Amino acid sequence: MSKKVLGIAGILGFLLTWELIPRLGIIEARFLPPASDVIAALAGYVPLTAFWGAVSETLLAWFLGLTAAVALAVVLGFVVGSSPFLRRCTNSTVEFLRPIPSVALIPLAVLLFGVKIQSSLMLIIYASFWQVFIQVLYGVADVDNVAMQTARSYGLKTAARVRHVVFPTALPYLMTGVRLAASVALILAITAELVIGSPGLGREIALAQSGGAISGMYALILTTGLIGVVINLLMRLVERRTLSWHSSIRSEVIV
Amino acid sequence: MRIAKGLLYALGLPALLVLAWWAGTTGAKNFFVPTPGALVSTFTDTWFGNRILTDVLPSLGRLFVGVLSAIILGILAGLLIGSVRWLRALTEPVLEFFRAVPPPVLVPVLMLLMCITDGMKVAVIISGCIWPVLLNTIEGVRAIDGVLSDSARTYGISGWARVRYLVLPSAGPQVMAGVRQCLSIGLILMVISEMFASSSGLGFTIVQFQRSFAVPEMWSGIVILGLIGVAMSLIFQFTERHILRWYHGLREVENAA
């Protein structure tokens with residue numbers, strides 16, 4: 001209970017500090033408008049369809065990119081992960097491609113797709129794919145030998161073994177990967193819109209900044225943060241739901 | 001024999017991929033994709049000259065300063081917040097929010113506040129990289145084993161010795177996980193801050209190539225960013241293995257048992 005009160009006090013204290021810094025003239029209000037102005041600007045955005053249009057563009061790119069990346073990573077991860085031969089072959093290539101920063105692909109995306117949603121998707125898919133793929137590889141490699149041999153001696157076919165032995169083992173890893181990928185995908189969606197100018201919140205931020213609508217820019221940034229918080233909460237909820245049977249979640253509930 | 005086999009596994013697929021790329025581009029004249037030979041020669045022409053002094057090294061310098069300050073600040077603040085219970089409860093929601101803000105949106109903000117200077121680019125890197133380190137350190141400090149903590153107290157270990165011998169080692173694995181995230185975010189932010197507002201640096205140069213349709217040069221820029229990413233991850237792995245030697249050893253023993 002007191003933890004909640006302290007948390008709310010922390011938020012209020014932060015807003016108060018933010019309000020006071022420009023009011024006392026430590027930073028000019030021209031560059032950092034007081035919190036009340038920004039919240040008023042955000043409230044002004046809420047009834048506008050253009051604002052919700054930008055939010056939905058961003059979320060659409062986020063969702064499509066994340067789904068495609070997860071689907072691709074799961075399929076490839078299970079195929080590569082379940083064959084030691086493929087794992088050894090691909091190891092060096094994966095270790096080389098994975099650390100390549102996705103922003104390195106920005107110029108290529110612009111050249112290929114211009115300022116369309118495909119540019120955002122290309123960056124999002126590349127960045128989130130590795131997060132999930134690596135986790136799935138770890139997960140598939142983690143399968144208990146005894147469980148696998150038991151399944152084999154009970155005569156389970158390959159499909160059934162994947163469904164009942166490999167998949168449950170890899171699921172916690174997969175969910176960790178998806179949770180990481182979800183926040184990475186949001187970062188890349190906003191980045192692509194900000195730098196390339198594909199439609200969405202990021203482009204609105206760049207426009208507001210160059211148009212001198214400073215309170216509006218801060219309001220939009222606040223929005224991206226709120227979207228980020230919601231996505232984090234949602235992903236944690238999904239993880240909890242899908243892994244309710246797993247000991248890591250069950251032990252959390254008991255304690 | 002064993003080494004040859006390992007080498008074959010490590011190089012087989014990359015060799016096949018390069019071969020496919022070569023076969024795919026040599027016949028057809030594709031504007032967007034240069035041939036491997038052209039890329040290599042452009043790469044050496046473009047980057048091994050003046051440019052390494054004017055663009056590459058300053059970028060890397062900013063990245064290094066930014067990431068290092070973010071790590072130090074993050075660990076210090078994390079130790080403080082993690083060990084004081086009420087401070088943790090007070091700051092938790094605000095920090096959760098800051099972590100959720102996608103770091104690239106900080107570029108326009110800091111551009112306003114600090115103008116376009118080297119300091120601003122370093123500030124962008126710090127303000128984006130600090131969150132994973134900070135939050136992981138808080139989490140690591142919070143999760144110190146109760147028995148260890150009580151034993152340290154019973155033996156009268158307090159102050160700096162407690163931080164040095166109890167808190168830092170037990171939070172170490174978590175902190176390193178944060179540092180790993182921080183490195184890749186730092187590289188991304190270095191490139192973005194230069195793409196947005198700069199007249200020099202790697203990000204600026206690559207965007208310049210793309211705008212003037214110098215496609216092989218642009219590809220060589222992508223390659224150099226990739227190489228920097230790979231080098232950073234190798235350095236990190238080496239350092240992590242060195243710092244967390246005891247931890248990996250412990251894990252091996254536990255797994256063997």
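Note that the coordinates shown come from a computational prediction; the quantities given were computed from them, not determined experimentally.
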Turns out that what part of B:Glu96 lies under 4.5 Å from chain A's heavy atoms comes down to both
With chain B, the option among A:Leu97, A:Leu226, A:Leu180 that has the most non-hydrogen atom pairs under 4.5 Å is A:Leu226
I'd like to know if A:Glu239 and A:Arg179 make a salt bridge, using a cut-off of under 4.0 Å between side-chain N and carboxylate O.
yes
The interface call for B:Leu17 against chain A, heavy-atom contacts under 4.5 Å, is side chain
Rounded to the nearest 0.5 Å, the SG atom of B:Cys129 sits from the CE atom of B:Met190 at a distance of 11.5 Å
Honestly, the part of A:Phe85 sitting under 4.5 Å from a heavy atom of chain B is both
Under the side chain to side chain contact (heavy atoms under 4.5 Å, CB included) criterion, do B:Met176 and B:Phe236 qualify, and how do the steps go? CA-CA 9 Å; B:Met176 288 315 272; B:Phe236 172 79; 3.9 Å; yes
Applying a strict 4.5 Å limit to non-hydrogen atoms, the region of A:Ile190 in contact with chain B is side chain
**Q.** Backbone N/O of B:Leu95 and side chain of B:Trp131: donor-acceptor pair under 3.5 Å
**A.** no
Whatever's closer than 4.5 Å to a heavy atom in chain B on A:Ile205 counts as side chain
Check: A:Ser120/A:Ser198 side-chain N/O donor and acceptor closer than 3.5 Å:
yes
Rounded to the nearest 0.5 Å, the CG atom of A:Leu188 sits from the CD atom of A:Glu193 at a distance of 10.5 Å
Value for CD1 (B:Ile144) from OG (B:Ser149), rounded to nearest 0.5 Å, stands at 6.0 Å
Counting heavy-atom pairs under 4.5 angstrom with chain B, the leader among A:Leu220, A:Ile8, A:Leu222 is A:Leu222
Honestly, the part of B:Arg99 sitting under 4.5 Å from a heavy atom of chain A is side chain
When the 4.5 angstrom heavy-atom criterion is applied to B:Ser233 and chain A, the contacting part is side chain
Under 4.5 Å to a heavy atom of chain A? For B:Phe209 that would be neither
Notebook entry, point to check: Do NZ/NE/NH1/NH2 and the carboxylate oxygens of B:Glu240 and B:Arg180 come within less than 4.0 Å?
Noted result: no
Under 4.5 Å to a heavy atom of chain A? For B:Trp219 that would be side chain
Okay, B:Val230 and chain A: the region with an atom under 4.5 Å from a heavy atom over there is both
Using 30° and 60° as the class boundaries, would you call the ring planes of A:Tyr45 and A:Phe51 parallel, tilted or perpendicular? parallel
Most heavy-atom pairs under 4.5 Å with chain B, out of A:Ile231, A:Thr224, A:Leu186, belong to A:Thr224
The interface call for B:Leu183 against chain A, heavy-atom contacts under 4.5 Å, is neither
